[in-house]
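Just so it is clear, the values below take in all heavy atoms, side chains as well, and ignore hydrogens, waters and symmetry mates.
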Amino acid sequence: MQIPRPSEADKLAFRSMIPDLPSVQVKPMFGNLAAFVNGNMFAGLFGPALGVRLVDEDSKLALSAVDGTGPFGPAERPTGGYIAVPAGWSSNPGLVSPWLELALQQVGALPVKVPKPGRKRV
């Protein structure tokens, strides 16, 4: 499987939408970018697609009801717990920002993820 790569414009838009907080890190992941809070991923890019992780079932249903949302990640194996926001997200921060903030809030409430022995956290 070939992993799609985001454009530089997508990377720039993604970074600009992620809150600048001490607990939040944006780092490369499989040639894409991902945003983490307390070691847990809450948003990421998969090529041009932006996905967010929502923990609460009501939130997942609400976002899934938005036209243009769908599975996030490879078509043959979507990333569980993540929903891709509608295409064109980079030019519509008003649509995406509330979902990013909700994902940050929900995932930020999860226990801190401890790195596995032998792995360095960047």
Check whether [X] and [Y] end up in the same hydrophobic cluster, where Ile, Leu, Val, Met, Phe, Trp and Tyr are linked by side-chain heavy atoms less than 4.5 Å apart.
X: L110; Y: L54; result: yes
X: Y82; Y: F30; result: yes
X: F36; Y: V55; result: no

Check residues 9-20 and write down every donor-acceptor pair under 3.5 Å in which the side-chain atom is one partner and the other belongs to a residue at least two apart or another chain.
residue, atom, partner, partner atom, Å
D10, OD2, S7, OG, 3.3
K11, NZ, E8, OE2, 3.2
S16, OG, A13, O, 2.7

Nearest 0.5 angstrom please: [X] [atom1] to [Y] [atom2], how far?
X: L104; Y: N40; atom1: CG; atom2: CG; result: 11.0 Å
X: M29; Y: M41; atom1: CE; atom2: CE; result: 5.0 Å
X: I83; Y: L63; atom1: CD1; atom2: CG; result: 4.5 Å

>> L50 vs F72, test: side-chain contact (heavy atoms from CB on, under 4.5 Å). Steps then yes/no.
In response: CA-CA 8 Å; L50 168 64; F72 176 71; 5.8 Å; no
> Do any pairs count as a side chain to side chain donor-acceptor pair (under 3.5 Å) and have a residue in residues 89-109, sequence neighbours left out, and if so which ones?
Replying inline: S59-Q106
> Who passes side chain to side chain contact (heavy atoms under 4.5 Å, CB included) against P86, sequence neighbours left out?
Replying inline: V66, T69, L95
> Who pairs with S23 by side chain to side chain contact (heavy atoms under 4.5 Å, CB included), at least two apart in sequence or on another chain?
Replying inline: L21, V37, N38
>> For a quick test of reading the model, state the closest non-hydrogen atom pair linking G47 to P6 and the distance between them.
In response: O-CB, 3.2 Å
> How close do G73 and T79 get, heavy atom to heavy atom, and via which atoms?
Replying inline: CA-OG1, 4.1 Å
>> Suppose the criterion is salt bridge (Lys or Arg N to Asp or Glu O under 4.0 Å): which pairs have a residue in residues 38-58, not counting sequence neighbours?
In response: E57-K60
> Any side-chain heavy atom of V24 sitting closer than 4.5 Å to one from F42?
Replying inline: yes
